[in-house]
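Note: hydrogens, waters and symmetry copies are ignored here, and every other heavy atom, side chains too, is used. Just so we're clear, the structure is a prediction, and the values are computed from it rather than from any experiment. Below, chains carry the letters A, B, ... as their sequence lines are ordered, and counting in each starts from 1.
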There are 2 protein chains.
Amino acid sequence: MAIERDWRCDDPKQQLIWAAATRDALQVLEGKWKIVIICQLFGAKGPLRFSELEKRVEGVNQKMLIQQLKELEKDGIVTRTVFPQVPPRVEYALSEMGIALGPSMAELIDWAFMRRDARAAVSQDPA
Amino acid sequence: MAIERDWRCDDPKQQLIWAAATRDALQVLEGKWKIVIICQLFGAKGPLRFSELEKRVEGVNQKMLIQQLKELEKDGIVTRTVFPQVPPRVEYALSEMGIALGPSMAELIDWAFMRRDARAAVSQDPA
DNA sequence: CGGCATCCGGGATGATACTG
DNA sequence: CAGTATCATCCCGGATGCCG
């Protein structure tokens, strides 16, 4: 991983650069539903319609879903395709930059399962 | 990665389980500063004092830092160690569960650099 | 009917001053 | 140094309406 060249080094200057890049990138993912949306777009193997996303991102409301999708589109993470039909059809997909988040999201989901299993084990065996 | 067994499968039931685990885990990371805090704890090779975190998590204020740290501690991601001294000394470190986030955070930071470089290239070469 | 915008209340977040 | 208290601000959520 290229990250090794900058990460966990002792040079304060490098650490500042690292912190800045991280901050900028994380700012793009900031927002209550963005990571969930991205994970769902990964879970689906192709583009998702707005209504599909609304179902998969459990607990979100239309307003927030639209807002977060707009920001993700503006930041170049997802693409939005409108099909001029009646009834309307809008599809959302991951952009190249969004797809590049794949390894990170996969690890995150892996962690989610690890965590779930660990907690299940504890509640089953409270001895 | 164990994730392959559940992720991106076509079984709707598995997808529900996957979505639930992901949602629960992401909820733990929900909060404007949590991922930044975790990344900084990774960037440092050891525990960090409160004041150190305050400097490294740029833009955060004391109240939010304390709040997010409390939640992370409650959710078992970080540990908090108090040294009975004057002046007080409190160190924060990643727990086992927090350390398990390492691969995911490393990928995330890797993505951050990739993104930064891509954007730098675009702004340098607008042709 | 599907995708999206607007208005308003409540909770999360931010700035500042203060305490042990 | 680490944490608390208070008040202002902003994001989020629900309801409703618009438009093709």
[N] [atom2] sits how many Å from [X] [atom1], rounded?
| X | N | atom1 | atom2 | answer |
| --- | --- | --- | --- | --- |
| Asn61(A) | dC11(D) | CG | P | 16 Å |
| Lys55(A) | dC1(C) | NZ | P | 15 Å |
| Glu30(B) | dG11(C) | CD | C1' | 13 Å |
| Leu69(B) | dT4(D) | CG | P | 12 Å |
| Glu54(A) | dC1(C) | CD | P | 15 Å |
| Arg89(A) | dC4(C) | CZ | C1' | 17 Å |
| Ile66(A) | dC11(D) | CD1 | P | 17 Å |
| Leu65(A) | dG2(C) | CG | C1' | 13 Å |

Reckon [X] has a side-chain N or O less than 4.0 Å from the OP1 or OP2 of [N]?
| X | N | result |
| --- | --- | --- |
| Arg49(B) | dA2(D) | yes |
| Gln67(A) | dC12(D) | yes |
| Ser51(A) | dG2(C) | no |
| Gln62(B) | dT4(D) | no |
| Tyr92(B) | dC1(D) | no |

Selection from [options] that lies nearest to any side-chain heavy atom of [X]:
| X | options | answer |
| --- | --- | --- |
| Lys63(A) | dC12(D), dG3(C), dT4(D) | dC12(D) |
| Lys32(B) | dT13(C), dC1(D), dG3(C) | dT13(C) |
| Pro87(A) | dC4(C), dC1(C), dG14(C) | dC1(C) |
| Met64(A) | dG13(D), dG3(D), dC1(D) | dG13(D) |

Under 3.5 Å donor-acceptor, Trp33(B) side chain and Asn61(B) backbone: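 Not a single qualifying donor-acceptor pair exists.
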Where do [X] and [Y] come nearest, in terms of heavy atoms and distance?
| X | Y | value |
| --- | --- | --- |
| Leu29(A) | Lys34(A) | O-CB, 3.7 Å |
| Pro47(B) | Glu91(B) | CB-OE1, 3.6 Å |
| Arg49(A) | Pro88(A) | NH2-O, 3.1 Å |

So [X], base contact, sugar-phosphate only, or nothing? Heavy-atom distance under 4.0 Å.
| X | result |
| --- | --- |
| Val86(A) | nothing |
| Phe83(B) | nothing |
| Gln85(B) | nothing |

Rounded at 0.5 Å granularity, tell me how far CG in Asp75(B) sits from CD in Gln27(B).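 The CD atom of Gln27(B) is 8.5 Å from CG of Asp75(B), to the nearest 0.5 Å.
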If you pin Pro88(A) and Trp33(A) to their nearest nucleotides in DNA chain D, which one's is more 5'?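 Comparing both residues, the 5'-ward one is Trp33(A).
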Need to verify one output field. Residue with the more 5' nearest nucleotide on DNA chain D, Arg80(B) or Val60(A)?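 The residue closer to the strand's 5' end, by nearest nucleotide, is Arg80(B).
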Regarding Lys55(B) and Glu52(B), does a basic nitrogen lie under 4.0 Å from an acidic carboxylate oxygen?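 A salt bridge links Lys55(B) with Glu52(B).
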